Amino acid sequence: MIRTVESEPHASPPVLAAYSYCEAVTGRQARNFAYGIRLLPTPQRRAMSALYAFSRRVDDIGDGALAGGVKVARLEETRALLTRIREGEVDEDDFDPVAVALAHAAAHFPIPLGGLDELIDGVQMDVRGETYETWDDLKVYCRCVAGAIGRLSLGVFGTEPGARGADRAPEYADTLGLALQLTNILRDVREDAADGRIYLPADDLAKFGCSAGFGGPRPPEGSDFAGLVHFEVRRARALFAEGYRLLPMLDRRSGACVAAMAGIYRRLLDRIERDPEAVLRGRVSLPGREKAYVAVRGLSGLDARHVSRRSIRRRA
């Protein structure tokens, strides 16, 4: 059962400084994520920034220019640091601000830190250059790098006391993470190809004549690239629909945070669907005013109420 956090955890000056560092990292490197967590109460916002800063460190190792063997060693060093955090061996005067902040967050919120081990596992798949034959294969990767983040975040949010079906909240958080990751994969298809990475399942690429990859601003000759994108968009929309069942289980501000982050990605998905080749020409993004609208919609509870009404209709 997921425990709901009710009191604000005390933080000493060294811990506050560590959180400030993590919030600066989040604001600088994750605009969509930072936009969403801005809606949370201070303790949850700080804890989420600590989770992001640690996750960013793991991702940066995988995305960096180091040799493969060095990346593997760095990832194992990061896993060892995670073990120290899990075992309560990081003091507030430790030299690593990310470790200090995450240790404090984990001591005050029921965060399933094993999810960060899964993230490291997923980044190791990147380092090994793994590709994915089927959607089931890709789901394993997505659950490591994104589904796990959903479950970690749920540890910070908690669920509302007495929320119907709360035992399934981790499942929905995981599914929402998959939806976000598949949207990321579609948005970054050319950028990833330039780095030698192809995430979309090989059988989907073959079905739409895209096995040659994405090396330029135009689709492979003779391919049905739009068909491929629309196929993956439908898959992502189904994941969003399932994952959004989490919203009525959260308190108002946590629900607003999730709705804002997910809403931004759903709107990215809309743009990609309207102009599939845009992802080959550059990075698809949303203007600030549209993100603000998504945040207001989340705070109003519109998305959560919509999901609740739809669930009631299904049960009826």
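Positions are given from 1, in the same order as the sequence printed here. Being a predicted model, the structure only gives us computed values, none of them experimental.
In this structure, L152 CG and L102 CG are separated by 9.0 Å, a value rounded to the nearest 0.5 Å. One distance of note links OG of S285 with CD1 of I264; it measures 11.0 Å at 0.5 Å rounding. Atom-to-atom distance recorded for E232:CD and T183:OG1 is 10.5 Å, nearest 0.5 angstrom. The line from CD of E191 to CG of L280 is 12.5 Å long, rounded to the nearest 0.5 Å. To the nearest 0.5 Å, atom CG of residue L176 and atom CD1 of residue I149 are 13.0 Å apart. Atom CZ of residue R46 and atom CZ of residue F109 lie 10.0 Å apart, to the nearest 0.5 angstrom.
Between the side chain of S254 and the main chain of L250, no donor-acceptor pair closer than 3.5 Å is present. Put simply, the side chain of R253 gets close to the backbone of L40: a donor and an acceptor are under 3.5 Å apart.
Within the 4.5 Å cutoff, the side chain of R267 has no heavy atoms near those of the V284 side chain. Residues H108 and P43 fail the side-chain proximity criterion, which asks for heavy atoms closer than 4.5 Å. In this structure the side chain of C142 reaches within 4.5 angstrom of the side chain of I185, judged on heavy atoms. Side chains of C22 and V98 form a contact here, defined as non-hydrogen atoms less than 4.5 Å apart. Within the 4.5 Å cutoff, side-chain heavy atoms of R283 are placed close to those of D188. Under the 4.5 Å side-chain criterion, counting only non-hydrogen atoms from C-beta, R86 is in contact with D117. With a 4.5 Å cut-off on side-chain heavy atoms, S49 and V25 do not count as touching. Side chains of R168 and Y172 form a contact here, defined as non-hydrogen atoms less than 4.5 Å apart.
A donor-acceptor pair shorter than 3.5 Å cannot be found between the side chains of T175 and E242. Defined by atom type and a distance below 3.5 Å, a donor-acceptor pair is present between the side-chain atoms of D126 and Y199.
Taking a cutoff of 4.0 Å between a charged side-chain nitrogen and a carboxylate oxygen, D136 and K139 qualify as a salt bridge. Contact check on D63 versus K71 returns no salt bridge, with no Lys/Arg side-chain nitrogen under 4.0 Å from an Asp/Glu carboxylate oxygen. A salt bridge between R190 and D195 is absent, with no side-chain N of the basic residue lying under 4.0 Å from a carboxylate O of the acidic one. E118 has a carboxylate O that lies under 4.0 Å from a charged side-chain N of R151, or vice versa, which qualifies the two as a salt bridge. For the pair R45 and E23, the salt-bridge criterion is met [side-chain N within less than 4.0 Å of a carboxylate O]. The existence of a salt bridge linking R235 and D204 is confirmed by a sub-4.0 Å separation between a basic side-chain nitrogen and an acidic carboxylate oxygen. Salt-bridge check for R271 with D275: failed, with every basic side-chain N at 4.0 Å or more from each acidic carboxylate O. A salt bridge between D121 and R79 is present, with a side-chain N of the basic residue lying under 4.0 Å from a carboxylate O of the acidic one. Taking 4.0 Å as the cut-off between side-chain N and carboxylate O, R84 and D94 count as a salt-bridged pair.
T159 and A166 get closest at one heavy-atom pair: OG1-CB, 4.1 Å. Smallest separation of non-hydrogen atoms from F157 and C257: CZ-SG, 4.0 Å. Taking each heavy atom of P220 and G209 in turn, the nearest pair found is CB-O, 4.2 Å. Nearest heavy-atom pair, G115 versus A148, reported as atom, atom and distance to 0.1 Å: O-CB, 3.4 Å. In this structure, L116 and S55 approach most closely via the heavy-atom pair CD2-OG, 3.7 Å. Smallest separation of non-hydrogen atoms from L113 and A106: CD1-CB, 3.9 Å.
The same ILVMFWY cluster, assembled from side-chain heavy atoms under 4.5 Å apart, contains both V140 and L178. Side-chain heavy atoms closer than 4.5 Å link hydrophobic residues (I, L, V, M, F, W, Y) into clusters, and following such links, possibly through other members, connects F231 to V279.
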(request) Show your working on salt bridge (charged side-chain N to carboxylate O under 4.0 Å, His left out) between D203 and K207 and close with a plain yes or no. (result) CA-CA 6 Å; D203 58 1; K207 186 186 305 180; over 6 Å; no
(message) I'd like to know whether F208 forms a side-chain contact (heavy atoms from CB on, under 4.5 Å) with H230, so could you lay out the CA-CA distance, the side-chain angles of the two residues, the decisive distance to 0.1 Å, and finally the verdict.
(response) CA-CA 11 Å; F208 294 96; H230 291 152; over 6 Å; no
(message) Assess the residue pair E273 and R237 against the criterion (salt bridge (charged side-chain N to carboxylate O under 4.0 Å, His left out)); give the C-alpha distance rounded to whole Å, side-chain angles, the decisive distance to 0.1 Å, and a yes or no.
(response) CA-CA 11 Å; E273 183 178 38; R237 287 197 192 286; 2.7 Å; yes
(message) Walk me through whether V145 and D59 qualify under side-chain contact (heavy atoms from CB on, under 4.5 Å).
(response) CA-CA 9 Å; V145 300; D59 285 341; 5.7 Å; no
(message) Pair L81, E77 - check side-chain contact (heavy atoms from CB on, under 4.5 Å), show working.
(response) CA-CA 6 Å; L81 174 60; E77 289 170 7; over 6 Å; no
(request) Decide yes or no on side-chain contact (heavy atoms from CB on, under 4.5 Å) for L51 and V156, but give the supporting numbers first. (result) CA-CA 10 Å; L51 279 173; V156 175; 3.9 Å; yes
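The aromatic rings of H104 and Y19 lie perpendicular to each other, with more than 60° between the two planes, well past the 30° mark. In this structure, F225 and F214 have perpendicular ring planes: the angle between them is above 60°, well past the 30° mark.
Of the candidates V189, L186, L205, L205 is the only one forming a side chain to side chain contact (heavy atoms under 4.5 Å, CB included) with L228. Among I61, L75, D60, V72, the single residue meeting the side chain to side chain contact (heavy atoms under 4.5 Å, CB included) criterion with V123 is L75.
The neighbour count for R74 CZ, taken as heavy atoms of other residues, nucleotides or ligands under 6.0 Å away, does not exceed 12.
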